[in-house]
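In each ligand, atom 1 is the first atom listed, and ligand 1 is the first ligand listed. Both backbone and side-chain heavy atoms feed into the values below; hydrogens, waters and symmetry mates do not. For this chain, numbers begin at 1 and follow the sequence in order.
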Amino acid sequence: AVTPLICPSILASDFARLGEEVRVLEAAGADWIHVDVMDGHFVPNITLGPDIVKAIRPHTTLPFDVHLMVAPVDPWLEAFREAGADVLTVHPESGPHLHRTLGRIRQLGAKAGVVFNPATPLSILEEVVDLVDLVLIMSVNPGFGGQKFIESSLKKIAGARAILDRAGSSAHLQVDGGVTSANAAACVAAGADALVAGSFVFKGDYAANIAALKAAPAAQ
Ligand code: DX5
Ligand code: ZN
């Protein structure tokens, strides 16, 4: 089985000690740092902006995987890239011209990601598959950590995997929301190769939790 990339979401970290948290995550075996950016408009919560990303950038060499839940998103791409984002992932609903937005992200030298909410159809992926380096399947409605994994997401992961394979794409397929050691294997079996996890990683021993997520697919 594939060993998935583990992308802890700092949404569940101690915001008063963010620099230290990302340093500890790196030592604990995290692969990417998942940064949830929320604007209180596209989603019903507000988190952080480019200045915070810039402030924590020197504390780790891990890639910053920035999930933008912001509308309109285009005006923010450059600022997050300059702040140190390596992957910029956007929702199709966050701007009128997804094709242009994804092109712009690559033009900025970042990896381009597209993210599907539970009710967003995968047919959109067919239109932009050559423009993306990452596809993210939301397994909760975005806005908050600690929500329950929506089981029908597994079918959607498999659907995205089929589209990527058919197109000969090597884009990452990532899952976000309610991921735990209890559903990680099913996500990977459905075709995911990257798992975002917030509350699961930050409850208790980070290293043990990350190891449990990595090991789950092999144990199945
Ligand atoms: C939800 C965010 C997720 C969330 C994951 O809007 O995109 O990244 O923080 O947290 P858990 O793993 O607790 O669901
Ligand atoms: Zn996220």
Chemist: Ignoring hydrogens, just give me the one of L195, T180, D176 whose non-hydrogen atom is nearest atom 5 (C) of ligand 1.
Modeler: D176
Chemist: Short list, please: which atoms of ligand 1 are under 4.0 Å from a heavy atom of G146?
Modeler: 11 (P), 13 (O), 14 (O)
Chemist: Can you confirm, on distance only, whether ligand 1 has an N/O atom lying under 3.5 Å from any N/O atom belonging to H67?
Modeler: yes
Chemist: Need the ligand 1 atom indices (1-based, order shown) with element for anything under 4.0 Å from a heavy-atom of M38.
Modeler: 6 (O)
Chemist: Show, in sequence, the C-alpha distance, side-chain angles and deciding distance for L77 and L68, and conclude whether the side-chain contact (heavy atoms from CB on, under 4.5 Å) test is met.
Modeler: CA-CA 9 Å; L77 301 174; L68 296 168; 3.9 Å; yes
Chemist: Could you walk me through whether L108 and E82 pass the side-chain contact (heavy atoms from CB on, under 4.5 Å) test, one step at a time?
Modeler: CA-CA 9 Å; L108 289 167; E82 278 175 6; over 6 Å; no
Chemist: Check each atom of ligand 1 against the heavy atoms of G177 and keep those under 4.0 Å away; list them by number with element.
Modeler: 14 (O)
Chemist: For atom 13 (O) of ligand 1, what is the closest protein heavy atom, and at what distance to 0.1 Å?
Modeler: S199 OG, 2.5 Å
Chemist: Look at K214 together with D31 and state whether they make a salt bridge at an N to O cut-off of under 4.0 Å.
Modeler: yes
Chemist: So do V70 and M38 actually touch side chain to side chain, heavy atoms under 4.5 Å?
Modeler: no
Chemist: Indicate whether the side chain of D74 and that of T101 have a donor and an acceptor atom separated by less than 3.5 Å.
Modeler: yes
Chemist: Look at atom 12 (O) of ligand 1 and say which protein heavy atom is nearest, naming residue and atom and giving the distance to 0.1 Å.
Modeler: G198 N, 2.7 Å
Chemist: Answer whether the closest heavy-atom distance between the side chains of V114 and P92 falls below 4.5 Å.
Modeler: yes
Chemist: Quick one: look up the protein heavy atom nearest atom 14 (O) of ligand 1 and list residue, atom name and how far away it is.
Modeler: G178 N, 2.8 Å
Chemist: Under 3.5 Å, is there a donor-acceptor pair between the D65 and Q174 side chains?
Modeler: yes
Chemist: Measuring from the Zn ion (ligand 2), name the closest N, O or S atom belonging to D36.
Modeler: OD1
Chemist: Report yes if some heavy atom in the side chain of V201 is under 4.5 Å from a heavy atom in the side chain of L213; otherwise report no.
Modeler: yes
Chemist: Show the numbers, then the answer: is there a side-chain contact (heavy atoms from CB on, under 4.5 Å) between V135 and L125?
Modeler: CA-CA 8 Å; V135 175; L125 180 57; 3.7 Å; yes
Chemist: Parallel under 30°, tilted from 30 to 60°, perpendicular over 60°: which one fits the rings of H91 and H67?
Modeler: parallel
Chemist: Is the closest basic N to carboxylate O distance between R17 and E20 below 4.0 Å?
Modeler: yes
Chemist: Taking only heavy atoms of M138, which atoms of ligand 1 are found under 4.0 Å from at least one of them?
Modeler: 7 (O)
Chemist: Does at least one non-hydrogen atom of A197 fall below 4.0 angstrom from an atom of ligand 1?
Modeler: yes
Chemist: Please could you name the atoms of ligand 1 that V196 approaches to less than 4.0 Å, counting only its heavy atoms?
Modeler: 8 (O)
Chemist: Note the single closest protein heavy atom to atom 1 (C) of ligand 1, along with its residue, its atom name and the distance in Å.
Modeler: F144 O, 3.6 Å
Chemist: Using a strict 4.0 Å cut-off to heavy atoms of P142, name the atoms of ligand 1 that fall inside it.
Modeler: 6 (O)
Chemist: So does W32 have more than 12 non-hydrogen atoms from other groups sitting under 6.0 Å from CH2?
Modeler: yes
Chemist: Answer yes or no: does an N/O atom from G145 fall short of 3.5 Å to an N/O atom of ligand 1?
Modeler: no
Chemist: Who's the nearest protein heavy-atom neighbour of atom 9 (O) of ligand 1, and how far?
Modeler: L11 CD2, 3.0 Å
Chemist: Just distances here: any N/O of G143 and N/O of ligand 1 closer than 3.5 Å?
Modeler: yes
Chemist: Any Lys/Arg nitrogen of D133 or R106 sitting under 4.0 Å from an Asp/Glu carboxylate oxygen of the other?
Modeler: yes
Chemist: What atoms in ligand 1 come closer than 4.0 Å to a heavy atom of H34?
Modeler: 8 (O)
Chemist: Numbering the atoms of ligand 1 from 1, which are under 4.0 Å from a heavy atom of S9?
Modeler: 8 (O), 9 (O)
Chemist: Can you tell me, to 10 degrees, how wide the angle at the Zn ion (ligand 2) is between OD2 on D176 and NE2 on H34?
Modeler: 100°
Chemist: Could you identify the N, O or S atom of H67 positioned closest to the Zn ion (ligand 2)?
Modeler: ND1
